[in-house]
Amino acid sequence: MCGIVGYIGYKKASPILIQGLTRLEYRGYDSAGIAVMEQNKIEVKKDKGRVNNLYKLDGVEELKGTIGIAHTRWATHGKPSKENSHPHLDNDEQFAVVHNGIIENYNELKDDLIKEGYHFISQTDTEVVPNLINYYYKQDKQEDSLKLLRAVKNTCMKLKGSFALEIISSKEPENMIVVRKDSPLVIGKGHGENYIASDIPAILSYTKDFYFLNDYEFAYLSRDEVRFYDMELNEIKKSTKSIEWDSQGAEKGEFEHFMLKEIYEQPRAIRETIGTRLSNLKVSFDELNFTKEYLENINRIYIVACGTAMHAGIVSKNLFEKLCKIPVEVDIASEFRYRNPLIDEKTLTIYISQSGETADTIAALKLAKEKGAKTLAITNVIGSSITREADYSIYTHAGPEIAVASTKAYTSQVTILALIAIYCAEILERADMNKIEALKADLLKLPTKVDEILKDTTQIKKFAKKVYKEKDMFFLGRGVDYAVSLEGSLKLKEISYIHSEGYASGELKHGPIALIDTGVTVIATITDKELVEKSISNIQEVITRGAKILVITNQNIENKGFETIIKIPQISTEISPVLSIVPLQILAYYISKEKGLDVDKPRNLAKSVTVE
Ligand code: F6R
C-alpha cells in the first residue's frame with residue numbers, strides 16, 4: 001500500500017524522488033523519506049508526516065546525488081514515526097532499502113539476525129531486509145560483479161509475504177537493484193536514466209516506456225542499462241511496453257481535487273472503455289475466444305472483487321443471469337479465498353480490480369486457477385499483477401485514477417461488465433435479441449447522459465450543505481438501485497466519515513428501521529420502473545418516522561413529502577447505476593468539502609490495498 005519511487009541517472013535525484021512521491025501519496029501518507037547516494041555514501045532523510053514535509057527536513061535541499069530511492073508509508077508494523085519511516089539502513093549503513101508489502105516472517109528473521117549480533121532501531125518488518133543483505137554480503141567470499149545481486153537474492157529467498165524492494169548500496173554506488181513479489185513495481189526507461197515506481201502515474205511525465213517485472217525477477221540498474229535476472233540469477237531478456245496514458249491524466253489541472261476531476265472525466269472514460277468493442281452495434285472482445293460450446297458448459301460464474309469494484313460486480317450479476325441464463329455469485333475476495341468455494345473446470349471466474357494489485361483479489365484468482373477454473377481479469381492498469389496471473393485480461397480505459405475514492409473506475413467497470421455479458425449472450429443465443437439491441441444502443445448513450453447530469457449539480461450541492469453535519473445516513477434501493485445504494489454509501493463514508501448504510505428498501509423493516517428517527521437523512525434511488533410503487537411505499541414508511549428524503553430517479557414521481565428530487569436521464573434499468581451513481585458521488589464530494597476534509601486522501605485509507 002506504500003508508494004515507492006527510484007531514480008538513477010545524471011540529474012539531481014531528490015526533486016524527482018519527492019515529486020514522484022507526491023504523485024503517489026494516494027498509496028499512503030503517514031510518513032515519507034528518501035535515500036540518495038552522496039559521493040559513495042548513503043544519505044537518508046525521513047520523518048513522519050506527508051511528503052511535503054520532506055522539503056523542510058534539514059539537508060534535503062543540499063542533496064546533490066543522482067541516484068536515490070524514496071518511500072511514502074501506510075503504516076502496518078510500527079506507528080508513524082521517524083524511526084519507522086523508510087528508507088531503512090543496515091547496521092553498517094551500507095545498504096538502504098525501501099519496501100512495499102509485508103514480511104510475514106520478520107520476527108523469526110529478526111531473532112536470527114540478533115543472534116548474529118545485529119540490532120534494530122525500528123518496529124518495522126522492513127528493517128530485517130537491509131540487515132539480511134548485509135549478512136549475506138559479508139558471508140559471500142566470491143568477489144565478482146554479481147556479489148550484491150547475490151546478497152539481495154539470498155535475502156529474498158528468506159522472505160515470506162509480499163515485497164517490492166528498491167536497494168542502493170555504498171558497495172556499488174553506481175547501481176540499484178529492484179525486485180518484487182506480489183507487490184507492484186514498474187521500471188520506466190529513459191535515455192541515460194531509469195525510473196522506478198510502484199505505479200505508472202508517478203513517473204509518467206518522464207517516460208512512456210515501461211518494463212514490468214514478474215515475481216522474483218531482479219532488475220539490476222545502471223544509468224544506461226537495465227539487466228534482468230531470474231531466481232537462479234540467469235540473465236533474462238525483457239522488452240518495454242508503451243503506455244498510452246497521458247501525463248495530464250495524473251495532474252489535477254483546473255480542478256480542486258482529483259476526485260472531482262475524475263467524476264467529470266466519466267463521460268470520456270466510459271466512451272473509451274466502450275471504444276471499438278461496440279462499433280456497428282456488434283460486441284467484440286479480441287482478448288476472449290469464447291466458443292458457444294465453452295459457454296454452454298459453464299456451470300456457474302463467480303465475480304470476485306473488493307470494495308467499489310465488488311459493487312460493480314453486484315450490478316452486473318442480474319444482467320449476466322438475465323442474458324446468459326447462467327447462475328452468478330458475487331463474492332468479496334477476502335471471503336471467497338477462505339471459504340472453499342465450489343469451483344471446477346466448468347466455472348468461469350471474473351475478477352475486477354481498478355489497480356490490478358489488490359492482494360485479496362489476486363489471491364482469489366490464484367485459488368480458482370489452481371482448481372481448474374478459467375480466470376478473467378478486468379483492470380484499469382496495463383501490466384498490473386493481476387494481468388500476469390489471469391487467463392484473460394480486459395482493460396477498462398478510465399485513465400489513471402488518483403483519488404482514493406473510486407469513481408470513474410466504477411462506471412467503467414459497470415460498462416465493461418455489461419459489454420461482456422452481452423458478448424457472451426450473443427454467442428449463447430439465449431437472450432431476447434430486442435433486449436440486447438436496446439442495451440447496446442443505451443450503452444452508447446451513456447457518455448452523453450452522464451454529461452447531462454454533470455452540467456447542473458446545484459441541487460446536489462444545496463442538499464450537501466443541508467446535511468453535511470449529520471452523523472448517520474441511509475441509502476435505499478431495490479434491484480440495481482440497491483446495488484448503487486451500496487456504492488453511494490461507501491463513497492459517503494470513506495470521504496466524509498459519516499456513518500452510512502446501503503440497504504435493500506424491502507429489508508429495512510426487518511430491523512434497521514429502528515434507527516430511523518426525526519431528521520435522519522435517507523437517500524433513495526429509483527430507476528426500475530417495475531419497482532417504483534414498492535420503492536415509494538418503503539420511502540413513505542421512513543417519512544412517517546420523520547426521515548428527510550433525497551430521491552434520485554429517472555421516473556416521473558410525484559413529490560410526496562420528499563426534501564429534494566433529483567431527476568436523471570432515462571436508460572435501460574440494468575445499466576442505470578452508471579447514471580444514478582453520479583449524483584451520489586457528487587453528494588459525497590461536496591459533503592466532504594463542506595466538512596473541510598481531505599477529499600482525495602481520506603484518513604486510514606490507501607488507494608491500492610496490496611496487503612491482505
Ligand atoms: C473505494 C475504493 C475501494 C476499491 C477497493 C478495490 O472508493 O476505491 O473500495 O474499490 O480497494 O480496489 P481495486 O479495484 O484496485 O482492486
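Since the structure is predicted, the reported quantities are computational estimates derived from the model, not experimental observations. Remember, it's 1-based here, ligands and their atoms both numbered in the order they're listed.
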Practice task
Just need the protein heavy atom nearest to atom 11 (O) of ligand 1, so name the residue and atom and give the distance.
Solution key: Val609 CG2, 4.1 Å
Fill in the blank from the handout: Checking heavy atoms under 4.0 Å, the part of Lys491 that sits near ligand 1 is side chain
Practice task
Please write down residue, atom name and distance for the protein heavy atom closest to atom 14 (O) of ligand 1.
Solution key: Gln354 N, 2.6 Å
Exercise for the section: Could you tell me whether ligand 1 has any atom less than 4.0 Å away from a heavy atom of Val404? Expected result: yes
Handout entry: Residues Tyr392, Phe290; criterion ring-ring contact (aromatic ring centres under 6.0 Å, His included); working and verdict
Key = CA-CA 11 Å; Tyr392 306 99; Phe290 291 171; 5.3 Å; yes
Practice task
Quick one: look at Glu494 and ligand 1, take heavy-atom pairs under 4.0 Å, and tell me if it's side chain, backbone, both or neither.
Solution key: side chain
Problem - Exercise: do Ser576 and Thr527 side chains pair donor with acceptor under 3.5 Å - result: yes
Exercise for the section: Decide whether Gln585 and Thr407 meet the rule of one side-chain donor and one side-chain acceptor closer than 3.5 Å. Expected result: no
Exercise for the section: Using a 4.5 Å cut-off on heavy atoms from C-beta on, say whether the side chain of Ile314 contacts that of His311. Expected result: yes
Problem - Any Lys455 side-chain heavy atom under 4.5 Å of Glu452 side chain - result: no
Problem - Glu487 bridged to Lys491 by N-O distance under 4.0 Å - result: yes
Handout entry: Numbering as shown, the atoms of ligand 1 that approach Ala405 to under 4.0 Å (heavy-atom distance)
Key = 7 (O)
Handout entry: Parallel, tilted or perpendicular: rings of His71 and His86 (30°, 60°)
Key = parallel
Problem - Lys/Arg cation over aromatic Tyr497: Arg603, 6.0 Å, 45° cone - result: yes
Problem - Ligand-side contact atoms (ligand 1) for residue partner Ala309, heavy atom cut-off under 4.0 Å - result: 10 (O), 14 (O)
Problem - Nearest-contact summary for atom 6 (C) of ligand 1 - protein heavy atom, Å - result: Cys306 O, 3.4 Å
Problem - Check: Gln413 N/O within less than 3.5 Å of ligand 1 N/O - result: no
Problem - Identity and separation of the nearest protein heavy atom to atom 12 (O) of ligand 1 - result: Thr358 OG1, 3.5 Å
Exercise for the section: Check whether any N or O atom of Ser406, backbone or side chain, sits under 3.5 Å from an N or O atom of ligand 1, and answer yes or no. Expected result: yes
Problem - Protein residue, atom and distance nearest to atom 10 (O) of ligand 1, heavy-atom basis - result: Thr308 N, 3.1 Å
Problem - Any His77 side-chain heavy atom under 4.5 Å of Ile102 side chain - result: yes
Practice task
Quick one: look up the protein heavy atom nearest atom 15 (O) of ligand 1 and list residue, atom name and how far away it is.
Solution key: Ser355 OG, 2.6 Å
